Each structure stands twice: as C-alpha cells, then as structure tokens.
Novice: 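Let me begin by handing over the structure; questions about it come next.
This is a predicted model, so every value here is computed, not measured. Reminder, nothing fancy here: chain letters follow the sequence lines and each chain counts from 1.
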Amino acid sequence: MNSSQVRKVFLDFFKSKAHQIVPSAPMVVKGDPTLMFTNAGMNQFKDIFLGNTKPEFLRAADTQKCLRVSGKHNDLEEVGRDTYHHTMFEMLGNWSFGDYFKKEAIAWAWELLTEVYGIDKESLYVTVFGGDKADGMEADMEAYNYWKALIPEERILYGSKKDNFWEMGESGPCGPCSEIHIDIRSAEEKKTLPGKELVNKDHPEVIEIWNLVFIEFNRLANGSLEALPARHIDTGMGFERLSMVMQGVKSNYDTDIFVPIINEVAKMAGVTYGKNEARDIALRVVADHLRAITFAIADGQLPSNNGAGYVIRRILRRAVRYGYTFLNFDEPFIYKLVSLLAKQMGDVFPELNSQKTLIEQVIKEEETAFLRTLAQGIKKFEAYFKENPNVKEIDGEFAFELFDTFGFPIDLTNLMASEKGVSVDMAGFEKGLQQQKERSRKAAVKTTDDWIELLPDTETTFVGYDTLETEAQIVKYRKVATKKKTVFEVVLDKTPFYAESGGQVGDRGELVAGNETLHVVDTKKENNLIVHLVAEEPKAVNDVYTAKVNAEKRLLTTNNHSATHLMHAALRKVLGTHVEQKGSLVSADRLRFDFSHFSKMSDEEIKQVEDIVNNKIRENLPGIIKQNIAIDEAKAMGAMALFGEKYGDKVRVVTFDPDYSVELCGGTHVKATGQIGLFKIVSESGIAAGVRRIEAVTGKNAEKFVDEQIALLKSIKAQFKNANNVLGAVTHLIEENSKLHKEMEKLLAEKSAGLADNLIDKAEKIGEAAFIGTKVDLDVNSAKKLANQLRSRGEKVLVVLALEEKGKVNLIIALSDELVKSGLHAGTIIREAAKFINGGGGGQPHLATAGGKNADGIGRAIAAVKKVLEA
RNA sequence: GGGGGAUUAGCUCAGUUGGCUAGAGCGUUUGACUGGCAGUCAAGAGGUCAUCGGUUCGAUUCCGAUAUUCUCCA
C-alpha cells in the first residue's frame, strides 16, 4: 500500500464513522504564546479543549503536518541517527468533543488497524495508565476492560505517568492515555525475546504507532486535578510509521515518502545509500530537514534570527552541516531538492507548488549565508592554532566562543581538531553552555496564577467594530509576573478592544469603575480569547466597568490597515500577482508590509503604487464588510487568502471596490477610503531572499513626512539664495568643491615643499646630524606632514615643530630612520620636552606629538630636544 | 526575554599593546596592446572607519549610549 493510500484509507474510515474531515492547520502557530509550531494533531482544537470555543461538530479527523525539535523523545540532534524520528511529520488523528469516549475510540482504533489495514494482531501491544500515587490517581481500569474484550490480557501493559498520562502543559486539560505499539521484528527475534519486554524501551523495531488520549481532567496551577465537565478524545498516529508498517520495511526512511528524496541527494553527492553509516545519517538528515524547512516556508515562516524563524534556520543549518561534512557539499544544494518534494506532495499540500520559487530562493540564500559563517569559523579556528601552535587540547572556552558567538557547530570543531590530532576540552565547553542556559532560565522566569473565574461559561462578545466604548463585566482575570514587571490579564464579557491579529496591533485604553481606572497597555488573543493586559490589579471585580478604547490611536491604526489593503492590491497590479503578503504590521504611526517579490522596486514602481493608492483614496471608495461568509463564497468573490493562516468555515470579507481589493480580514477598516487622506511610502528594502519590505505612512503622519521633505528642500534652497535650479547649483558646487580641493592640496604641497627647503637650509649642524627647531604657523595635520617630509630629506635629521593656537600648544618631533636606528626614540624625547609646555605626549620612534598649555615654554622645549643631539 | 559578537571603499574583508598620509581582492572608470571580443598591463576615482557622547597631546583602535545586524540560550 503506498503512502497516499494509507492516508486516504484513514480519512475514509473515520468519515464512515460520521467524522468531519478537516484540512491540516498551518504548521506555524499564530495566536498561541506557548507554542511556536504545531506539534500534535490536537493543536488546532486546543480552544475547544480549553472551553474557549464551542465546536462546530462533535467528531473530526484529519492529517496534520507537525514539527518537533525538542521534547522528551525529539531532540533535534537525534534526528537522522535512528530510523524513526523526524522533525516534520504527519499526524493522523480522530477527535471527539464531548461526544464518544474510551469505548468507541478503542474499538475503532483496533478495527482500523487489524481489519482495514490488516495488521497482524499478534504483533500488537497496548498500554494503559497504571496510576500514580503522588497524584492520587488510580489505574485506568475502564480502558483496560475495553481492551480486554479485544486483545489477550498478556498483551495489555500498565504504563507510568511519564508514558501514559498526557498533559498539554503545566496546567490545563489532561488525562490518561492508551498507546498501541507494534513489533516488526523477524519471527526469530520475537522467539528469543517477547515483544512485551521491549515496549517503550526505545527499540527501533518495537514502536508506538498510535496514542489514544482520554481528556477528562483539568490541572490547576497548584498541581491538583479537577474533573472536566465534558470529556474528549484526542488521538494521534504517526503517518510515516504507519506507512513503514504497511510497506513492510524496517525504517520510515525506507518508505516511498523518503526514498525518492534520499536517492536524489545520494545521486547529487555521488554516493549510494546503505553503504556507509555516517553518510547514511547525513542523507536521512538532509531528507528529513528538507521537508521541515520547505513546509515551514510554505506556511509563511521565513528563517530569521529569533523565535520560530530561528528554529527553521537551525534545522536548515543542521542539514547544511551534515551535507558539508559527510557528503562534501561545499555550495548550496538543498534548494535544488524543493522541486522534487513539491512534485511528490504537491497534490495533498498545494502550497508547495504555488510557493516553490520563493522557497527555493530563501533556502539558497540561507545556505549561502551559513557556508560563509562556516568559512569564518574555520578562519577563527586556524588563527587560534597560529597563536597556540603547541596545544594538545583546544580550550573549552574558545570552543564555546566559536559556537556561541560565531555559530560554529561544536561537532565541526571536534572534527577539525581530530584532523590536527588534538582534542577539545568538552567539559569546558559544556560548562559555558550550562552557564548560558542558567542565565536564560533566570531571565525567563514567569509565574502565571490560576484564572480567578467570576462569570463561568461566559463567552466574550466583541463589539469593537461598531463602538469604542461599552459597559462590561470581568469574566475572569489572573496575575502574570515576569522578572521585570507584573501585569494582569483580564477577560470581559463584552469588549470594544481589538486584540492583536492580522498584523493590526492591539488596542489600548482604559477600564473605569467608580474611581478606579485600569490602564489597558495591550490587547492580545490567546487561543481565541480576547485578553486585556492591564497594568493595575482590578479591585472592583464584580462591578460594571466602562471599557474605553483610545480612540485616536484606533482611528490612525484603522486608516493604516485599510491603506495596507489598498497597497496590497496596487502592488499586485504594478508588480504582478506573484506578490503575496509575507508579514504585516499595522500600528497607529505607520504600516509595514512584507511581500514576496524578487527584485528591488524601482522609483517609478514605487511612484506608481503610491499613485494608485492615492487615487483610490480620492475615489472615496466605501469599505464593504461582510461577516459570516462561507469560505467558498468568499473565494468566489475573489478574496485573497493567505497561506499559513487558519481560517474557519465562516470568514469576514473586506472589500474596497469588488474589482480592486477583496481580502479575508478580521481587522478594523474605514467607512470610506477618503478619510485616509494621503498615502506615502517611506522606505522599500529587502529583508530576505525574495522578500521585500515597504514602510508607509498615511493621513497626518504622511503630511508630516511630506512637510519635512519640503522644509528640508526649502532650507537647502535658502542656502543657495533661492536659486531656480537648486539641483544644478548643488551639482556645480560639488564639482567646484572637488576641483578646489585638489588645487588646494597641490598648492599646500608646493608651499610645504618650499617651507621644507627653507627649513633645511637653515638647519643647524650638530655633529653629523641636522637639527631643525622652530615655531610654525600650520595646523597639526599639515605640521605632521611637514615633519615627515623633513625627516626624509637627510640621513640624520631631527625636527621639532611647535605650533600655538588658542592658548594650546602642540609639539611635533620627527627623526630620520638613521637616528632611530642609532637608538633615539621620538616618543621618549617628546615626553621630556612636553614638561616645558605643561603637557604630555608620545608616539612612535620616528614621529611623536605632544600637547600642552604653556606657550612660554616652547623655547625651552626646543632647546631640550636639541640637547639630545649634543649629548 | 537574557548573554556574546559585528558595523572600515559599490561587494567580500585586513588593520593587537591608542600614534605610519587607513589597506587588499573583486567590481568600476580611463589608457595601452589585439582586426573585434576575451584577456594582459598601466593609471585613476571611490572612505563623516555606523551614529552620538566621554577618556587622551592624539581614537578606526579604549569606555558609555543608540541604531542595525549576526550568533547562542530560553
């Protein structure tokens, strides 16, 4: 059975059990501060489990693209070393939201595996939760009994809290779970050691394939458990592992999901898979990471230097590192594999095809940048050896510096060290790493208290599209403390505050009850919940508050948001329909828009975009907003949807002229475009390969921008006596200036040559040497130049020049090379001489300077220098 | 969010106890050689040493702040 069929059979099976088949959510998570990537199938249903959202259907199933880079079994550094761990994988899952529970979940899982997929019952084992004394929980006998009806009891094993009790986080919904494991070893091996001995023992051929989670508790911040009103089912089955079982191979990497990619990489590297363990690992790493990076970029997550983007960058770099070390790729190669992957999976995940060019460009750019980083690290490494030629062991501190500051991987340091026959002080390296971890942990301490619920089971109504002020009551609130500050998160039953989303920043404002005023410093969305971040602790928690949005900021933000839509449409008109939003920030004072485009925008293109947008503003187009439109209908209207965004079945559509701009958007918008006033692009720049950024201003801020430019031009004009042709005047001035500059340099050179001749003529003979000591009327730099000239005019010349300006005195001493060789040092001499002018100084053997305040001492200083020759 | 780096010519980068008139390669301009191109040689242009402040006789170099960026940890 090929992998496409494996996927299809799963979905068809649950469809037949009355499940709604839903599309995969984006792999990159938005609107959940606790999570950067979707790491399990249940993520997109988290709101439902938390009770923030009511489900649209009671049963669902899907295949979900997931990404894991850390966790108990998912250290990034382990991926590729074995045959079954991945960064990116698909999770097949089925769910019940307060509908069926353990009995059906268990029965259906068994039916699907044994009857539909036809897996041998003898090779399956199941585990159930065995209880936990510390938590006061009994073993899950309910699950045990349902299993007993299907499978012999000796195949049912009790598991620990670690393996068989699932938790979402430190607090929140949780419950016992039941795992299905499969033993794919050969019959002989099974005879020697029964499979039950190997369950949960990290054996590569006795593995978990399906986890059934029974969500029935809520864990509070103090660690205690309470029963949930509605019980849910959450299951997850690894698609790649299942495919492996169905294809009768021993490794995920031997399935039709990976084989074509591995073969292609092997071909490019000129090697064969299966011949050399180190190279095989590298091939698996590249194949696995290619998928993770490609899907992440397709979902809109570009590699960057922090947060989710940084995780993507690290994965990509790991692939480059393995390719570089074990497959001898010393130039970008991963980007060349994107086509193949797109061809292979583009049917199920169409975003791979539509974003292909961008993905390739971004990956290539990242590869190039990292290869440069490696080259720099190697240079540093070589420099270290030059300085410490006889070391036997590389300093751990240096290895850590290479890694920490310059991003040079420690395993490459090790490799290069062993090539030179030396070792690396790994203990010292680990120490540095631990210290850094400790620092970070200290800085990131955040304590979140339990919600204090005042109005249970109340959903928030958002009224902010129509009004900026309303009466509201607190539904729940809690304290969140970090090292630096403490804020209170407040949820209201009704709110005009817009929570940050779709690039538009959260509203600010205040909550007022009696003489209590709470300042709302930001509004955020957490799992679909509108959370007001309030600076003060609410006191009158049971009273009715007046919730007031800062109207001025909101108005400016709204103008900017509508302008963003107008600009997005204009960009597609001017540059082409390959322009897609890659990021957006809409605040009160500006808008920032990142989009895919492959070259710098010309001045004309920028002007065209501005013109189109300003025309649309003057047309005073009405903003037509339709709520609750079915997604298909919205698409029929020509609405632009964004990859990497999760849309429900019902969407909100914002239109400015149905033939111009139609977008899916939850933000606030103007009633008519005229109120935007004016639109000006302030800057256009590149932020990554294939991605450009525009920053623009509207309304008052745009006027201010234009005013400033005009004022600047005016003052320039004024400088030129209001010449008609300022540009010509400036050009002329610059040319004139450089001409004069050259002439002056020439004249000065002639003058100082003349002066030099003069001084040489007047030089005093002292023994074989010539002494020149005089006051000159030059600036310090010219005097230095002069002194330099003089000292090369004869074989033994000693020059002292003194200059005086505004009460400050400078001395310059220069010596011919011959004198330097005979042991004289201008720096030493000048330190003595400087005493006479109440100053200090120093310099090199042949040229030194000093400064002081006592002009009366010049004569004595010169005399003192002369004595050096006389001695 | 925390730590550590970096910022020098259009690009990639040198520039260690603070002191040479701030350099190299590539690119660019001009000229010469060749029938043309490619190429070779020669000459030249191009720098507020990120910004602001401080220490100093003197700061690209040391210190502080800001901006941008890289990197590691969370």
Novice: Mapping A:Phe406 and A:Lys437 onto RNA chain B by nearest heavy atom, which one lands closer to the 5' end?
Specialist: A:Phe406
Novice: Give a yes or no on whether the ring-centroid distance for A:Phe408 and A:Phe403 is below 6.0 angstrom.
Specialist: no
Novice: Between A:Val809 and A:Gly842, who's closer to the 5' end of RNA chain B by nearest nucleotide?
Specialist: A:Gly842
Novice: Considering only atom P, compute the distance from B:C70 to B:U29 and round it to an integer number of Å.
Specialist: 32 Å
Novice: Can you find a donor-acceptor pair, distance only, under 3.5 Å between A:Gln436 side chain and B:G2 base?
Specialist: yes
Novice: Among the nucleotides B:G5, B:C70, B:G3, which one has an atom lying closest to any side-chain atom of A:Asp404?
Specialist: B:G3
Novice: Go ahead and name the base partner of B:U7; Watson-Crick or wobble counts if both distances stay under 3.5 Å, otherwise write none.
Specialist: B:A67
Novice: Which is true for A:Gly407 with a 4.0 Å heavy-atom rule: it touches a base, it touches only sugar-phosphate, or it touches nothing?
Specialist: sugar-phosphate
Novice: Counting only Watson-Crick or G-U wobble pairs whose two distances fall under 3.5 Å, which nucleotide matches B:C49?
Specialist: none
Novice: In whole angstrom, give me the gap between the C1' atoms of B:U21 and B:C26.
Specialist: 25 Å
Novice: Atom CG of A:Leu316 and atom C1' of B:U71: how far apart are they, to the nearest Å?
Specialist: 16 Å
Novice: Would one find a side-chain N or O of A:Arg441 under 4.0 angstrom from OP1 or OP2 of B:G1?
Specialist: no
Novice: Take atom CG of A:Leu402 and atom P of B:U71, then tell me their distance rounded to the nearest Å.
Specialist: 15 Å
Novice: Could you work out the separation of B:A6 and B:G44 based on their P atoms and round it to a whole Å?
Specialist: 35 Å
Novice: Under 30°, 30 to 60°, or over 60°: which ring-plane class applies to A:Phe381 and A:Phe385, parallel, tilted or perpendicular?
Specialist: tilted
Novice: Of the nucleotides B:G4, B:G3, B:C73, which one has an atom closest to the side chain of A:Thr405?
Specialist: B:G4
Novice: Please work out if A:Arg831 contacts a base, only the sugar-phosphate, or nothing of the nucleic acid, heavy-atom cut-off 4.0 Å.
Specialist: nothing
Novice: If I take atom CD in residue A:Glu365 and atom C1' in nucleotide B:U69, what distance separates them, rounded to the nearest angstrom?
Specialist: 14 Å
Novice: Does a donor on one side chain sit under 3.5 Å from an acceptor on the other, for A:His532 and A:Glu489?
Specialist: no
Novice: Can you find a side chain N or O atom of A:Arg372 that sits less than 4.0 Å from OP1 or OP2 on B:C70?
Specialist: no
Novice: Around atom CZ of A:Phe400, are there more than 12 heavy atoms from other residues, nucleotides or ligands closer than 6.0 Å?
Specialist: yes
Novice: Using atom CG of A:Leu76 as one end and atom C1' of B:C73 as the other, report the distance to the nearest whole Å.
Specialist: 15 Å
Novice: Of the nucleotides B:C70, B:G4, B:G2, which has the atom closest to the A:Ser440 side chain?
Specialist: B:G2
Novice: Mind checking the C1' distance from B:A59 to B:C52? Whole angstroms is fine.
Specialist: 15 Å
Novice: Please report, rounded to the nearest Å, how far the P atom of B:G3 is from the CD atom of A:Glu397.
Specialist: 18 Å
Novice: Any idea which heavy atoms bring A:Ile837 and A:Gly857 closest together, and the distance?
Specialist: CG2-C, 4.0 Å
Novice: Between C1' on B:G58 and CD1 on A:Ile812, what's the gap in Å once rounded to a whole number?
Specialist: 11 Å
Novice: Side chain of A:Asn810, base of B:G58: donor and acceptor closer than 3.5 Å?
Specialist: no
Novice: Just checking A:Glu397: does its CD atom have more than 12 heavy atoms from other residues, nucleotides or ligands closer to it than 6.0 angstrom?
Specialist: no
Novice: What's the closest nucleotide to the A:Arg439 side chain, out of B:C73, B:C70, B:G2?
Specialist: B:G2
Novice: With a 3.5 angstrom cut-off on both distances, give the Watson-Crick or G-U wobble partner of B:G58, or none if there isn't one.
Specialist: none
Novice: Write down the distance separating the P atoms in B:C49 and B:C11, rounded off to the nearest Å.
Specialist: 16 Å
Novice: For A:Gly840, report the nucleic acid contact type (base, sugar-phosphate, nothing); a contact means any heavy atom under 4.0 Å.
Specialist: base
Novice: Check each of A:Val362, A:Leu302, A:Leu358 against A:Ser596 using the side-chain contact (heavy atoms from CB on, under 4.5 Å) test, and report the only one that passes.
Specialist: A:Leu358
Novice: Looking at B:U21, which nucleotide sits across from it as a Watson-Crick or G-U wobble partner, both distances under 3.5 angstrom, or is there none?
Specialist: none
Novice: What is the distance, rounded to the nearest whole Å, between atom NZ of A:Lys379 and atom P of B:A24?
Specialist: 17 Å
Novice: Across all strands shown, which nucleotide pairs with B:G1 by Watson-Crick or G-U wobble geometry, both distances under 3.5 Å?
Specialist: B:C73
Novice: Out of A:Thr849, A:Ile829, A:Ile862, which residue meets the side-chain contact (heavy atoms from CB on, under 4.5 Å) rule with A:Ile813?
Specialist: A:Ile829
Novice: For B:C73, take OP1 and OP2 only and decide whether either is under 4.0 Å from a side-chain N or O of A:Gln434.
Specialist: no
Novice: With rounding to whole Å, what would you report as the distance between B:G2 and B:A9 at their P atoms?
Specialist: 31 Å
Novice: Contact class for A:Gly852 vs. all strands (heavy atom < 4.0 Å): base, sugar-phosphate, or nothing?
Specialist: nothing
Novice: Taking atom C1' in both B:G46 and B:A24, what distance in whole Å separates the two?
Specialist: 15 Å
Novice: When the distance from OH of A:Tyr384 to P of B:U16 is rounded to whole Å, what number comes out?
Specialist: 20 Å
Novice: Distance check, C1' atoms only: B:U34 and B:C41, in whole angstrom units.
Specialist: 13 Å
Novice: Under a 3.5 Å cut-off for both contacts, is B:A42 paired Watson-Crick or G-U wobble with anything, and if yes, with which nucleotide?
Specialist: B:U30
